[in-house]
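Before any comments, here is the structure.
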Amino acid sequence: MDVSKMSDASESNTIPEGSAADAFPSQYDPRQFEDRIYADWECAGVFHAEVPKDASSGRQPYCVMIPPPNVTGVLHLGHALNNSIQDALIRYRRMTGCETLWMPGTDHAGIATQNVVEKQIAKAEKKNRYQIGRTELIRRIWEWKEESGGTILTQLRKLGASCDWARTRFTMDEGLSKAVRHAFVKLYEDGLLYRGKKYLVNWCPRCRTTLSDDEVEHEEIKGKLYELHYPLADGSGQLTVATTRPETMLGDTAVAVHPDDERYKQYVGKFIELPLVGRKIPIVADSALELGFGTGCLKVTPAHDTVDYDIGQRHNLQAINILTEAGAINENAPAQYRGLDRFKAREKIIEDLKALGLVGEIKDHPQQVGHCYRCHTIVEPYLTPQWFVKMKPLSELAVKATAEGRVKFHPERWEKVYLKWFDEVRDWPVSRQVWWGHRLPVWYDLEENKAHITALEVGENEPYDADLNGKRIRYVIGEHAKPIVAIENPAKSYRYAGKHLIQESDVLDTWFSSALWPFSTLGWPDKTPELDYFYPTNTLVTSRGIIYFWVARMVMMGEKLLGKVPFRDVMIHGTVLDGDGVIMSKSLGNGVDPLDIIKRYGADAMRFTLLDMSTGGQDIKFPLQIVCPHCDESQELPRKRSVPTMNCKKCKKEFQQPVPNEKPLPEPAPLMGPLDSPRFEKGRNFANKVWNASRFVMISIDAANEGTSAAATPEKLELRAEDKWILSRLNSTIQAQTQALDAFELSKATNALYDFFWNEFCAWYIELAKPRMAANADAADRAATKAMLLHVLDRSLRLLHPFCPFISEALWVELNKRAVPAARNLGAEYKGDANRQSDELLAIAGWPKSDVARIDAALEAQFASLFDAVVAVRAVRQELIDNSPKEKKKDVSAAISGKLSVAIRTASADLAARLKEQSHILERMANTLPPEIAGQELAAPHPSSATAIKGGTIYVGLSSDLVDVEKLRLAKEIKNCEQYIPRIEGKLKNDNFVKNAPPEVVEEERARLNDANTKLISLTAALTRLQTPEPASAPVVARAEKQEVKREEKQEPKAAVIETKDKKRKTKK
RNA sequence: GGGCGAUUAGCUCAGUUGGUUAGAGCACCUGCUUUACACGCAGGGGGUCGGGGGUUCGAGUCCCUCAUUGCCCACCA
């Protein structure tokens, strides 16, 4: 790229179309653009990815699989974060010319979805799922799914998500279901799937299904620890056991003691007569007990406790299941308890035992208890045959893939967390006793399994498998039944002709199909071109919450079934929290609705803010506010919310606020005030800044076109130093941002652009460009300036697009109207596929490449010192005001608002030359008269303030009445200097420092000391002069043009000296 | 009970391999309707970097320890 040869677009390429001022209101209104622009993208098909027809094109794929949200889901801020990150990565790669696929879709979310529809039916028809029946329930769920499922995908469009919607998948689609069956059969055939009673599974009595360990959430409850006395069968005494679940005693088949426990050795081999039940149960010795814990005796219930189950295995104890699937006491218990819910039974048993005098101490006992992650019911360890996936061989594959670096985590530390799971994981129970999901591809031949399958007639509120002559039949399949595992229904094959086959009624754990997502969506098990081209995918973006559920299982399945990892990089981002660090959720009443934020701030503002806050995978906190639904006033959200309504502080009207753990008030109720966070203002303000900078560029281009027919030819374009400077900064920014995106460091990327655009392009370059764009400016220079503005804006919009796609695209359209892409010196720089990339739409335009030859560190340093001088003069102005008495501030402000007279004394010929060369920068940016610049011979104006910059002193002419006020400040600054100098001197006097520190560090310190001393001398001299009578010389402050201020012209022979602190100067180094 | 984070300005957070007088945004103070932007411009105030030790010429950064807090894992009856 050679910007110095940028062509001028003012003549032929510009489409004059009204004035820019008309098209550009001074505030960006996202609502005017977002939906329209999204529609434009969709119409143009820019999100659609295709496998390149020409395999030799070398076009790189880039593929991200969306973590499929539940089909029941609605967008929350966590989704907004997750998808903003994915979209940023996707849009960036799309612009670099990759064939970019972002695969969208939803998850059928077995239990969760079934619960939603069941609840609806229960409400509307007062029927449970068993009364509705399996077939009908599934039909209703599909119906619901078609009508109101997948809302979240629509909401993702509001966010700007550039998914390939044409490829949207659902985990229960036929294709994906086929993949599930193939995977199941393959695992079975390879001996990695089996049915049996491997261990006590977690059972949710409300959902009436098995859960995997990961689906159980441990939470502390206020339980009780009961001591129970168990009489010895021979009547010789009793043993005392302790339990938190007394009802399980109905299933006790032993009492265990530790083999080394001297207290109980004598009892081993004797029997207990189990109270209430009357069963004689042995006393066994087992080292699973912890010596010295509790009473030393443990009641053993093999069917209802995992530790007990193992003890039972070791001692050949009977495992008696005493609970029904619904969590009530079953027929294996004495009649008086049958049918009682487990917790009711607990109370009754304690009552009955108390009556027998067999209850000891009852203590409060806080304990961690497993809850169902879907319905929050306390789960039971339960003895039931299930289908298990054998984990060890699969774990090994996944661990190996990580060890070999084929899957990388960002941030890295998550790798350890991920690996730990494989160490501890038990075999995965994959069968679920719900109806919504992938039914296991398993059948049984009834005849052949006569001995193992029992046909039970069941009641109205029970699950059933067949309806025989009006009788509801449930097939209970024994542990040793022989299954037929097949991809397609074997009943169709001649081999089973005439046989009575029944299909396994269980469905698969939802996470089983999720584990296949990265390849089932691409057509696996078929060998599709998509699978070939896009798999393994590139990046998975997700939260830490599903590393075990999902990430680990995808890697296992990818490795096992395809021999390849499903993705190369896993980016784990933080969790969105409220201002108190509490996770946002609807039920807690602290959930911010992304759609509310989009309405209020715009999608770009929300995305930018989220990305800007995504630092190193840290959690993101949003202090909350609430918006009055009547007048839109954002206000503090009361900390304690118990009352459901509040009154607006502005319009005083009443509205509703969310109350933790309470549902919204029923209709008619006051309007709900949406939650809001002031954090989003950063994104909104930045978007507005971009809008207005662009507005300036467009307006000044349009204005320049009117009066200038003679356009500059490229040869005439000469770059000024500030042009070279901004190009240097631009190219540094491109480099920094690109590197940050490649490293998944989103906030670094947004920061680089934000700083460049706001603090460099807007704050300095545009201001310097203004006089150059004026109608009376040099035409050639104006053309060069225009080309520069277009160039920098062009690149900036490209850099912005991954974060803020809407506003950047909206402005791109305007840019294209005024200067076709060719005029912005694009094209040759980008070698994208002509069919896939175009400058018509920014979404598929090229990503800027950093031209390192343009990066000029020396020039940047020069400008930093120039800007220092500007800031020093600006500071003089404000400090004069600050140090004046309150009632005089306005007068002083008016008096110094005009151009100041300035003189600069510097010993550095280099600095002098630069200042002279670039004096227009000082004049423009600090609003001064042309400065006088000289060496020691410079006669400083009198009276004047003196301010030290690196390498010199700036004198600003003052009127004498401001002198006194400045003495104070000078003294302050001198003091500051005097405190600083000894610190450096101390360092340099330390021999160890001089000896051990690297020479360049020592040199730096010496230079610092030198600077500080020079500064001190010049300030002290100024103060001395200020206190010494001296003939008045030149004036003074240019009089304010707009306001006449009368001041006494006493002309006291004194000078004011003003100092600023270097550290506070806001210039880029 | 283990593991991993966090603790830096009133708030939300940056701070690369230890090396300027520790930064940003918001809030605050002061001045400015300087025609791209008051969702703005300019200038400023504000931090003994959770406490205590240690290593080092030098520590926000490395080590130990304590405290507070969050998350994950864990069968203590």
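Hydrogens, waters and symmetry mates play no part in the numbers below; they use all other heavy atoms, side chains included. What you see is a predicted model, and the numbers here were worked out from it, not measured in a lab.
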With a cut-off of less than 4.0 Å, is there a side-chain N or O of [X] near OP1 or OP2 of [N]?
X	N	answer
A:His218	B:rC72	no
A:Lys890	B:rC32	yes
A:Asn685	B:rC37	no
A:Asn688	B:rC39	no
A:Lys987	B:rG58	no
A:Arg413	B:rC4	no
A:Lys886	B:rU30	yes
A:Trp758	B:rA36	no
A:Thr243	B:rA77	no
A:Gln618	B:rA6	yes

Classify [X] by what it touches in the nucleic acid, base, sugar-phosphate, or nothing, heavy-atom distance under 4.0 Å.
X	result
A:His365	sugar-phosphate
A:Leu298	base
A:Cys297	nothing
A:Arg684	base
A:Gln979	nothing
A:Ile984	nothing
A:Arg874	sugar-phosphate
A:Pro381	nothing
A:Tyr548	sugar-phosphate
A:Val1001	base

Report yes or no: is there a donor-acceptor pair, N or O only, under 3.5 Å between the side chain of [X] and the base of [N]?
X	N	result
A:Lys689	B:rC37	yes
A:Glu227	B:rA77	no
A:Glu681	B:rC26	no
A:Lys299	B:rA77	no
A:Glu1004	B:rU20	no

Quick one: [X] [atom1] to [N] [atom2], roughly how many Å, whole number?
X	N	atom1	atom2	result
A:Asn759	B:rG25	CG	P	7 Å
A:Glu887	B:rG31	CD	P	12 Å
A:Asp423	B:rG3	CG	P	14 Å
A:Glu978	B:rU21	CD	P	18 Å
A:Asp308	B:rA77	CG	C1'	8 Å
A:Arg245	B:rC75	CZ	P	13 Å
A:Glu767	B:rC37	CD	C1'	10 Å
A:Glu879	B:rU30	CD	P	16 Å

Can we say [X] and [Y] salt-bridge, meaning some charged N sits less than 4.0 Å from an Asp/Glu carboxylate O?
X	Y	value
A:Lys621	A:Asp578	no
A:Asp632	A:Arg600	yes
A:Lys950	A:Asp868	no

[N] versus [M] - spacing of their [atom1] atoms, nearest Å:
N	M	atom1	answer
B:rC29	B:rU65	C1'	42 Å
B:rC62	B:rC4	P	15 Å
B:rU21	B:rC28	C1'	23 Å
B:rU55	B:rG60	P	16 Å
B:rC63	B:rC11	C1'	33 Å
B:rC49	B:rU20	P	16 Å
B:rA6	B:rG44	C1'	32 Å

Lys NZ or Arg CZ of A:Lys770 over A:Phe696 ring: under 6.0 Å, within 45°
yes
Cation over ring, A:Lys1015 on A:Tyr980, under 6.0 Å and within 45°?
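No, cation not above the ring by the 6.0 Å, 45° rule.
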Counting N and O atoms only, with roles assigned by atom type, does the side chain of [X] sit under 3.5 Å from a partner on the main chain of [Y], one being a donor and the other an acceptor?
X	Y	result
A:Trp421	A:Phe549	no
A:Asn927	A:Leu900	no
A:His371	A:Val369	yes
A:Arg679	A:Met613	no
A:Glu215	A:Ser212	yes

So which nucleotide does [N] pair with, by the Watson-Crick or G-U wobble rule with both distances under 3.5 Å?
N	value
B:rA14	none
B:rG70	B:rC4
B:rG60	none
B:rU55	none
B:rC28	B:rG44

Of A:Lys770 and A:Ser747, the one whose closest nucleotide on RNA chain B sits nearer the 5' end is A:Ser747
For A:Tyr980 and A:Gly296, take the nucleotide of RNA chain B holding the closest heavy atom to each; which residue's nucleotide lies nearer the 5' end?
A:Tyr980
Listed nucleotide nearest any side-chain atom of [X], set [options]:
X	options	answer
A:Ala997	B:rA36, B:rC57, B:rC39	B:rC57
A:Asn976	B:rC76, B:rU21, B:rG25	B:rU21
A:Ile881	B:rG31, B:rC57, B:rU21	B:rG31
A:Ala875	B:rG44, B:rG19, B:rG31	B:rG44
A:Lys416	B:rC13, B:rG31, B:rC4	B:rC4
A:Glu424	B:rU20, B:rC57, B:rC73	B:rC73

